[in-house]
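Here the structure is a predicted model, which is why all the values come from computation and not from measurement. The figures here come from the full heavy-atom set of this structure, side chains too, leaving out hydrogens, waters and symmetry mates.
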Amino acid sequence: MSIKKIGPAGIPSLGLGTFQTPEGETRDIVKAALAEGYRHIDTARAYGNEREVGEGISDAAIPRDQVFVTTKILPMEFGAADFRMAAEDSLAALGTDYIDLLLLHWPSRDVPLTETLPVLDALISEGKVRFGGISNFTIAQTDEAADILSAPIAANQIELHPFIEQSRLLAHLEARGIPFEAYSPLARGQVMDETALCEIAEAHDTSPAAVSLAWLLQKPNGIVLPKTATKKRLAGNLAAAELVLTDEEVARIDALARPDGRIISPESLAPDWD
């Protein structure tokens, strides 16, 4: 199965998310995903599983340069010295010489990007990070980051699934040539009970999960990061890359967005959303 590579960073368009994967299970699911054909693994310092992710990659015996590894750093480590130390800690935990994509996990309310992003640029120049990006950044914050970081913004990782309205942000990212990475693309399982998705899935002899992923993958510069700790679901999620929806089906899914569709908005971290 061929997975498209997106943007200048060549990010595989379908990856494995590891948020809240149970402790002790991350290593096995990462190894299984790589055996299934995944080549993009997404983690974060906040997930507490970088070491297991690294062990899973090592156990899979896939050449390191064939696996795209993303991790993220939270705002409490955005001070210049703290950010560098966090990146070094992630490198050690992952057991790798470089991180393919390092993201600012949420925008900071206290530390200016002018302090954090030059360190990210330096890490890229030193070869410890290949590409830098952002996560949960609004339109204005994306523009600010793009103006400060010397390297291109490789991606903005955002909550995206059929129930959330993100059309303004997506249009802006497309105009700037910045790929989006969709986390929680299955809306924490809510897609499985949506009538429209079930009907479209039946027409294609597939699952509502695959339909949701395919809908995202058909968007410009789209990357999806479905999380599963169940090995039997890996192949089905991966197969979404081969599913082509009709324009009518895409429009039907587009219509599912609703004002209260956002699931993830922690009070201590969330910006003023677009």
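Heavy-atom minimum distance, His161 versus Ser184: CD2-O, 3.3 Å. Across all their heavy atoms, Ile223 and Pro179 have their closest contact at CD1-CB, 4.0 Å. Closest approach of Val191 to Pro185, counting heavy atoms only: CG1-O, 4.3 Å. Closest approach of Leu123 and Ala87 over heavy atoms only: CD1-CB, 3.7 Å. Shown here for Arg51 and Ala92, the closest heavy-atom pair between the two residues is NH1-O, 4.2 Å. For the pair Leu217 and Gly222, the tightest heavy-atom approach, listed with the atom from each and the gap, is CD2-O, 3.8 Å.
Between the side chain of Ser58 and the backbone N or O of Glu55, no donor-acceptor pair lies under 3.5 Å. Between the Glu52 side chain and the Gly24 main chain, a donor and an acceptor come within less than 3.5 Å of each other. Lys72 places a side-chain N or O within 3.5 Å of a backbone atom of Thr43 that can act as its donor or acceptor partner. Glu115 places a side-chain N or O within 3.5 Å of a backbone atom of Ala80 that can act as its donor or acceptor partner. Side-chain atoms of Ser13 do not come within 3.5 Å of backbone N or O of Ile3 as any donor-acceptor pair. Not a single donor-acceptor pair under 3.5 Å links the side chain of Arg258 to the backbone N or O of Ile164. Remark: the backbone N or O of Glu77 is not paired with any side-chain donor or acceptor of Asp82 at under 3.5 angstrom. For the pair Glu159 (side chain) and Ile263 (backbone), a donor-acceptor distance under 3.5 Å is present. For the pair His40 (side chain) and Pro12 (backbone), a donor-acceptor distance under 3.5 Å is present. Within the 3.5 Å criterion, the main-chain N or O of Gln157 finds a donor-acceptor partner in the side chain of Ser135.
Residues in residues 208-237 take part in these side-chain hydrogen bond (donor to acceptor under 3.5 Å, both in side chains) pairs, two or more places apart or across chains: Trp215-Asp254. A side-chain hydrogen bond (donor to acceptor under 3.5 Å, both in side chains) check over residues 116-126, counting only residues at least two apart or in different chains, returns the pairs Arg84-Glu126, Asp121-Ser150. Residue pairs that meet the ring pair (Phe, Tyr, Trp, His ring centres under 6.0 Å) test with at least one member in residues 169-197, sequence neighbours left out, do not exist here.
A salt bridge is defined here as a Lys NZ or Arg NE, NH1 or NH2 lying under 4.0 Å from an Asp or Glu carboxylate O, and Lys31 with Asp59 fails to meet this definition. Checked for salt-bridge contact, Asp97 and Lys128 miss the test: no charged N lies under 4.0 Å from a carboxylate O.
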*From CA spacing to verdict: salt bridge (Lys or Arg N to Asp or Glu O under 4.0 Å), Asp65, Arg130*: CA-CA 11 Å; Asp65 63 2; Arg130 292 181 62 225; over 6 Å; no
*Start with the C-alpha gap between Leu117 and Leu104, add the side-chain angles, then the distance that decides, and say whether side chain to side chain contact (heavy atoms under 4.5 Å, CB included) holds.*
CA-CA 9 Å; Leu117 292 180; Leu104 278 61; 3.9 Å; yes
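More than 12 heavy atoms of other residues, nucleotides or ligands shown are found within 6.0 angstrom of CD on Glu88. Counting non-hydrogen atoms of other residues, nucleotides and ligands closer than 6.0 Å to CE of Met192 gives a total above 12. In the displayed structure, Asp272 atom CG is contacted under 6.0 Å by at most 12 heavy atoms of other residues, nucleotides or ligands.
Between the side chains of Ser167 and Glu165, a donor-acceptor pair is found at a separation under 3.5 Å. Using modelled atom types, one finds a donor on one side chain and an acceptor on the other under 3.5 Å when comparing Gln141 with Thr138. Remark: the Glu50 side chain and the Ser90 side chain contain an N/O donor-acceptor pair separated by less than 3.5 Å.
Taking the side chain as every heavy atom from C-beta outward, Glu194 and Leu256 approach each other to under 4.5 Å. Residues Ile148 and Glu144 form a side-chain contact, since some pair of their non-hydrogen atoms from C-beta on lies under 4.5 Å apart. In this structure, the side chains of Thr206 and Leu243 come closer than 4.5 Å at one or more pairs of heavy atoms. Considering only heavy atoms from C-beta on, Glu23 stays 4.5 Å or farther from Asn49 through its side chain. Considering only heavy atoms from C-beta on, Val69 comes within 4.5 Å of Ile57 through its side chain.
Each of Phe19 and Trp106 belongs to its own hydrophobic cluster when Ile, Leu, Val, Met, Phe, Trp and Tyr are linked at side-chain heavy-atom distances under 4.5 angstrom. By the rule that hydrophobic residues join a cluster once side-chain heavy atoms approach within less than 4.5 Å of another member, Leu225 and Val30 end up as members of separate clusters. By the criterion of side-chain heavy atoms lying less than 4.5 angstrom apart, applied directly or through intervening Ile, Leu, Val, Met, Phe, Trp or Tyr residues, Phe78 is not grouped with Leu103; the two fall into different hydrophobic clusters. Linking ILVMFWY residues whenever their side-chain heavy atoms come closer than 4.5 Å, directly or via other members, leaves Phe68 and Ile41 in distinct clusters. When the side chains of ILVMFWY residues are joined at heavy-atom separations under 4.5 Å, either directly or via intervening members, Ile99 and Phe131 end up in two distinct hydrophobic clusters.
With rounding to the nearest 0.5 angstrom, the CG atom of Leu91 is 9.5 Å from the OG1 atom of Thr71.
Classification of the His105-Tyr47 ring pair by plane angle, with boundaries at 30° and 60°, yields perpendicular.
A cation-pi geometry, defined here as NZ or CZ lying under 6.0 Å from the six-membered ring centre and within 45° of its normal, does not hold between Arg262 and Phe163.
Each of Leu113, Ile153, Ile158 was compared with Phe137 under the side-chain contact (heavy atoms from CB on, under 4.5 Å) criterion, and only Leu113 meets it.
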